[in-house]
Amino acid sequence: MLIFKQNMAKKIGQAVSSCFPGTALSDDEIFAMLEYPPDVTMGDLALPCFRLSKALHRSPMDIAKALAEAIQSEELESVNVAGGYLNFKISKTAFAARVAGDIEARGETYGSPMTGEGKTVVLDYSSPNVAKPFHIGHLGTTVIGHSLKLLHEFAGYKCVGINYLGDWGTQFGKLIVAYKKWGNKEEIEKGGVDSLVSLYVRINNEIKAEEDASVLGLPEEEAKAKKHSDLADASRAEFAKLEHQDEENLALWRWFVDVSLKEYQKTYKLLNIEFDSYKGESFYTDKMPAQVQKLRDMGLLTLDDGASIVNLDAYGMPVCLILKRDGSTLYPTRDIAAAVYRQNTYHFDKAIYVTSAAQSLHFAQWFKVVELMGYDWYDKLVHVPYGTVSINGAKLATRTGNVILLKDLFAEAISRVYDITSEKHKDPVECQQIAEKVGVGAIIFYYLSNNRMRDINFMMEDALSFDGNTGPYAQYTFARTCSVLEKTQGDHHVTDAPLSDADFALAKTLSLFPERISQALADYEPSVVTRYILDLCAAFNAFYHDSKILSCEDEKLRESRIALTAATNRVLKTALHLICMQTPEKI
Ligand code: ARG
């Protein structure tokens with residue numbers, strides 16, 4: 001549609017200058033005025049002529065009439081005047097032939113705007129915190145982040161996917177104490193992150209119990225100041241040792257990180273995600289002092305109750321904390337050091353950070369600090385936030401341990417799909433493979449169906465249904481195109497046989513793909529692709545039911561329809577891939 005729209009903008013521009021001498025409008029200006037009519041029986045494209053009245057000093061009706069006579073194009077079946085609108089109808093066969101030909105010629109690059117050539121994007125996403133649960137709250141950063149990476153790769157950018165693991169911090173002091181007290185090697189080797197998490201939960205509970213016991217019976221105010229826990233003291237001491245490179249603690253820390261990573265990688269493998277870098281928070285420990293010094297030298301740091309901060313009053317934001325009273329660094333300090341390192345290492349044209357909207361202020365603050373520090377790439381930093389997730393109506397509560405782990409969510413979806421597919425397929429290995437692709441895909445698709453800022457309530461039943469607007473339905477439609485094509489041979493082209501409305505509607509939907517990709521990229525919004533997939537599936541299924549394909553008696557028409565099926569197959573494959581979905585040929 002884009003090309004048709006561009007061509008029409010050009011034709012209209014020429015007609016405007018010939019009908020109304022002395023007034024010239026750029027193609028871009030006209031392009032921006034063109035609309036897709038809500039009802040296709042009116043036309044495929046419309047020019048609301050009232051938008052031209054001011055420039056041309058005529059009534060919309062007069063303009064429409066004059067232009068209708070002046071515009072001629074092979075691509076057009078008709079031009080009609082309706083009210084102040086000029087409605088264009090495309091020549092169906094010429095249009096479908098061009099779209100299918102374009103898809104065939106460009107293959108897997110069809111739809112790519114190619115805007116990223118020679119440019120680098122770094123994407124910071126997923127980034128779970130070691131020894132804390134990798135739960136459904138991370139679904140957003142993981143799949144939105146990866147989809148944005150795939151979209152940028154598709155547009156020709158060189159992409160660096162970074163998993164900024166939360167692998168440093170006081171929690172490791174607690175974990176070391178808990179491990180030495182209650183843990184054992186075999187159990188952790190067997191239980192993985194779950195065992196680490198239980199150790200972590202246990203020590204937090206015991207610290208709380210010790211603190212409560214230490215101030216039993218004291219009034220609240222006094223209790224706050226006096227509460228004490230030996231375990232908390234021990235944890236701080238162990239973390240201090242770790243910071244001072246104590247061999248034993250370093251070895252334990254590395255082991256905890258490895259155990260966690262191994263398990264996250266199982267989930268990434270299911271999702272088909274690979275990262276280019278796993279440099280986590282710990283990597284930046286020795287890179288922070290230089291940035292803190294720079295802030296100090298530039299006079300940007302102020303002392304506030306012993307802490308070092310950057311005052312952001314002038315920008316309507318609370319202060320950005322750089323150093324705590326005891327001199328230890330904070331989350332923003334580390335992010336600033338990491339951004340400088342990434343700019344020096346990758347020379348990025350864009351750095352994208354995908355996190356929950358709860359962190360929006362954090363990013364706005366440290367982005368501002370980077371700007372104040374005089375780094376001229378400050379405007380290449382982009383935060384992409386997303387809303388909250390609840391499951392079957394229940395909000396997540398990390399503190400009470402009421403979390404749904406990502407791996408459990410996928411496992412459940414896979415096992416439910418397995419039960420359904422095993423009725424049809426005999427081979428259990430094949431069945432498991434399909435169940436993994438469909439089960440995981442169902443969750444991704446469901447999640448990416450909504451605008452990312454929307455808070456969503458996850459309903460497993462809905463996600464897995466084969467009849468709704470779901471992942472299984474989209475994959476099933478793809479498999480349907482495969483089964484048609486399996487029975488054909490060679491390349492196919494749209495011929496000059498007259499097409500039905502359903503054939504043409506499919507060609508039109510296929511032609512919209514490039515526009516949707518550009519929009520998804522501009523808005524950092526993978527859901528634009530998901531919704532496009534649904535449009536394409538709806539158009540293909542209507543075509544499949546209305547039009548005879550392989551059984552069509554008219555040979556030329558059959559040829560055109562096979563070509564349209566092949567084009568749908570190509571575009572669905574690309575589009576599903578861009579939202580991290582697999583495309584099994586059979587379901
Ligand atoms: N580990 C953090 C968390 O789980 C997310 C890190 C996001 N990336 C960043 N550069 N701050 O909340």
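Atoms within each ligand, like the ligands themselves, are counted from 1 in listed order.
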Any side-chain donor-acceptor pair under 3.5 Å between [X] and [Y]?
X    : Y    : value
Q359 : Y331 : yes
Y264 : S126 : no
Q519 : E515 : no

At less than 4.0 angstrom from any non-hydrogen atom of [X], what atoms of ligand 1 do you find?
X    : result
Y331 : 2 (C), 5 (C), 6 (C), 7 (C), 9 (C), 11 (N)
Y164 : 8 (N), 9 (C), 10 (N), 11 (N)
Y353 : 10 (N)
T355 : 7 (C)

Angle class for the W366/H362 ring planes (parallel below 30°, perpendicular above 60°, tilted otherwise)?
->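 The arrangement is tilted - the two ring planes meet at 30° to 60°.
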Do the side chain of H146 and the main chain of T142 share a donor and acceptor less than 3.5 angstrom apart?
->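 Checking the backbone N and O of T142 against the side chain of H146, no donor-acceptor pair under 3.5 Å is found.
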Location of contacts on D335 toward ligand 1, heavy atoms closer than 4.0 Å =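 For D335, the contact with ligand 1 is made by the side chain alone.
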Within reach of ligand 1, part of F363 (heavy-atom separation under 4.0 Å) =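 Side chain only.
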Students should be able to answer this: which protein heavy-atom is nearest to [atom], and at what distance?
atom                    : answer
atom 8 (N) of ligand 1  : D124 OD1, 3.0 Å
atom 12 (O) of ligand 1 : Q359 NE2, 2.9 Å
atom 4 (O) of ligand 1  : N129 ND2, 3.3 Å

So does E206 pair up with K174, basic N to acidic O under 4.0 Å?
->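 Here E206 does not pair with K174 in a salt bridge, since their nearest N and O are not under 4.0 Å apart.
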Is the ring centre of F283 less than 6.0 Å from the ring centre of Y164?
->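 Centroid separation for F283 and Y164: 6.0 Å or greater.
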